[in-house]
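What follows is one structure encoded as C-alpha cells, with my remarks underneath.
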Amino acid sequence: MTQHVSPPRGSADKVPPASESFAWRGVFARADVRTLSLLGVLAVLILIGGITKPDEFLDTRNLQLVLTQASVIGVVTVGMTFVITSGGIDLSVGAIVALASVWATTVATQEYGFAGILFTAVIVGVGCGLVNGLLIAYGGMVPFIATLAMLASARGLALQITDGRTQIVSINSVLDLGERDAYVLGIPPLVLVFAVVTIIGWLVLNRTTFGRRTLAVGGNAEAARLAGIDVRRQRLYLYLLSGLCCGIAAFLLIILSGSGQNTNGNLYELDAIAAAIIGGTLLSGGRGTITGSVLGVLIFTTITNIFALNNLQSDVQQIAKGAIIVAAVLVQRRTASTT
C-alpha cells in the first residue's frame, strides 16, 4: 500500500513559484550576457591595440597608464551609477572635480600638507553634493536643472579661485604617490583606490538596505514612499555619495597631474553617464550595475588610448563614443520592450 507523505509545514513557503524563479533566472541571464558582451568588446579593443601598436599598447607602462587614467573617471562613475539608478542625473560632477582640485591646491590649503589637501578635496565634493541633494530632494528642483546650475557655479568659482592659472602642488608626500616607487606589486596607488571604491560600491548597491532602497526609488518613487522609504532623504544621501566620489576623484587627479586647474574634469559628466549607460544602468532608473559601469569606463579609456597611440583625430574619437552610446541605449530599449 502506497503511503503519501505530506510535505513539512512551511516547506511550500520556502520554494518560490516557478514563474518567480524563471523571472530571476532571466534577470541574471541578461546580466551575464551584458557583462560578457562588455568583456568581449574590451577584448576586441585590446586585440586592435595589440595589432595596430603592439610594442607601445602592450607595454606594461602603457597598460598602467590606461588603468591610472580610468581610475579618476571610474571613481566618479561609481557615484554616477548610484544617482542614475535612483532615476536622477548629475551634470555637475566634472565641475565639482575641478572646484575640489583647485580649492585643495591653493597656497593656504597646501600649508596643511597631505591631510589638508585630501580633507579639502573631499569636503568640497561632499559640500557640493549636499547643495545638489537639498535642491533636488527638499527644494523640488528637477535634477537636470539643479545640477546644471551647480555645473555653472562650480566652474565659475574654480576659475575665480585660480584666476585662470595652474596651481602647482609642492607637497612631496602627495606627488610621490604618482611615482613608480609607490606602486604596489606593479599596481599604481590610484588603481588600488579605484578598486577599493568599486568593491565598496558593489557591496553597497547589491548587499545593503541602502542599495535596495536606491533601486526601489529608481523603479517607482511613489511605491517606495508607500512602502515606508523616505524618498527625499534617500535622494539627498545619493547626491552626497556622488559628491564624495567627486572629491576622491579630485584628489586622485591632483596626484596624477601634480596640480589643480579650473579646466580639470572637463566632460567628466558625459563620460561617467556614458560609461554607466553602456554598462547596463537604466537611464530611467530602477536598475544599476557597478561591474558594468567599470567595464564601460575601461572601454572608453582604452578607446582613447588606442586613438592617441595611432595619432587619430579627437573628433573621430568623439564620434566613436557617440555611436557606442547610441547603440547601448537602443539595446536597452529593445531589452526593456521584451521584458
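The nearest pair of heavy atoms linking T109 to G116 is CG2-O, 3.7 Å. Closest approach of I278 to F300, counting heavy atoms only: CD1-CE1, 4.0 Å. In terms of heavy-atom proximity, L238 sits nearest to S86 at CD1-CB, 3.2 Å. Here the closest heavy-atom approach between residue I89 and residue V83 is recorded as N-CG1, 3.5 Å. Residues A104 and I254 approach most closely at CB-CD1, 3.9 Å, considering heavy atoms. P188 and Y183 make their closest contact through CA-CD1, 3.6 Å (heavy atoms, listed as atom of the first residue, atom of the second, distance).
Checking T162 against Q261 by side-chain atom types alone, no donor-acceptor pair falls below 3.5 Å. No side-chain N or O of T166 forms a donor-acceptor pair with one of S259 less than 3.5 Å apart. A donor-acceptor pair shorter than 3.5 Å cannot be found between the side chains of N132 and S242.
Rounded to the nearest 0.5 angstrom, W103 CH2 and I123 CD1 are separated by 10.5 Å. With rounding to the nearest 0.5 Å, the separation of CD1 in I48 from NZ in K53 is 15.0 Å. Atom CZ of R212 is separated from atom CZ of R207 by 9.5 Å, given to the nearest 0.5 angstrom. Between the CG atom in L135 and the OG1 atom in T147 there is a gap of 10.0 Å [rounded to 0.5 Å]. Separating the CD1 atom in I187 from the OG1 atom in T68 is a distance of 10.5 Å, to the nearest 0.5 Å. With rounding to the nearest 0.5 angstrom, the OG atom of S153 is 9.5 Å from the CG atom of L148.
The shortest side-chain heavy-atom distance between C246 and Y268 does not fall under the 4.5 Å cut-off. Two residues are said to be in side-chain contact when any heavy atoms from C-beta on lie closer than 4.5 Å; D181 and D176 fail this criterion. Looking only at side-chain heavy atoms (C-beta outward), T198 and F194 come within less than 4.5 Å of each other. The shortest distance between side-chain heavy atoms of T81 and T289 does not fall below 4.5 Å. A 4.5 Å side-chain heavy-atom check between T105 and Q110 finds at least one atom pair inside the cut-off. Considering only heavy atoms from C-beta on, F82 stays 4.5 Å or farther from Y237 through its side chain. Taking 4.5 Å as the limit, every side-chain heavy atom of V93 sits out of range of all side-chain heavy atoms of V97. Side-chain contact between F57 and I46: present, with at least one pair of heavy atoms (C-beta onward) separated by less than 4.5 Å.
Between Y239 and the options L134, L244, I136, a side-chain contact (heavy atoms from CB on, under 4.5 Å) holds for only I136.
Under the 3.5 Å distance criterion, the side-chain polar atoms of R235 are left unmatched by any main-chain donor or acceptor of G133. For Q167 (side chain) and V107 (main-chain N/O), no donor-acceptor pair under 3.5 Å exists by modelled atom type. Listed for the T301 side chain is no donor-acceptor partner under 3.5 Å among the backbone atoms of L298.
The number of heavy-atom neighbours closer than 6.0 Å to CZ of R61, taken from other residues, nucleotides and ligands shown, is 12 or below. Within a 6.0 Å sphere centred on CZ of F114, other residues, nucleotides and ligands contribute more than 12 heavy atoms.
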> For L252 and L256, what are the C-alpha separation, side-chain angles and deciding distance, and is it a side chain to side chain contact (heavy atoms under 4.5 Å, CB included)?
Replying inline: CA-CA 6 Å; L252 298 183; L256 185 62; over 6 Å; no
- For I255 and L175, what are the C-alpha separation, side-chain angles and deciding distance, and is it a side chain to side chain contact (heavy atoms under 4.5 Å, CB included)? CA-CA 6 Å; I255 295 173; L175 299 175; over 6 Å; no
(Q) Apply side chain to side chain contact (heavy atoms under 4.5 Å, CB included) to residues N62 and E56 and explain how you reach the verdict. (A) CA-CA 7 Å; N62 183 65; E56 299 174 33; 6.0 Å; no
Let me see the working for T120 and Y112 under side chain to side chain contact (heavy atoms under 4.5 Å, CB included), right down to the final yes or no. CA-CA 10 Å; T120 302; Y112 294 93; over 6 Å; no
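Between R165 and D163 there is a salt bridge, since a side-chain N of the basic residue sits under 4.0 Å from a carboxylate O of the acidic one.
No continuous path of ILVMFWY side-chain contacts below 4.5 Å connects I168 to L177, so the two sit in separate hydrophobic clusters. Linking ILVMFWY residues whenever their side-chain heavy atoms come closer than 4.5 Å, directly or via other members, places V193 and V169 in the same cluster. Taken together through direct or relayed side-chain contacts under 4.5 Å among Ile, Leu, Val, Met, Phe, Trp and Tyr, I84 and W202 form part of one hydrophobic cluster. Transitive grouping of hydrophobic side chains (ILVMFWY, heavy atoms separated by less than 4.5 Å) brings L241 and L203 into a common cluster. The hydrophobic clustering, which links ILVMFWY residues whose side-chain heavy atoms are closer than 4.5 Å, places L45 and L58 together.
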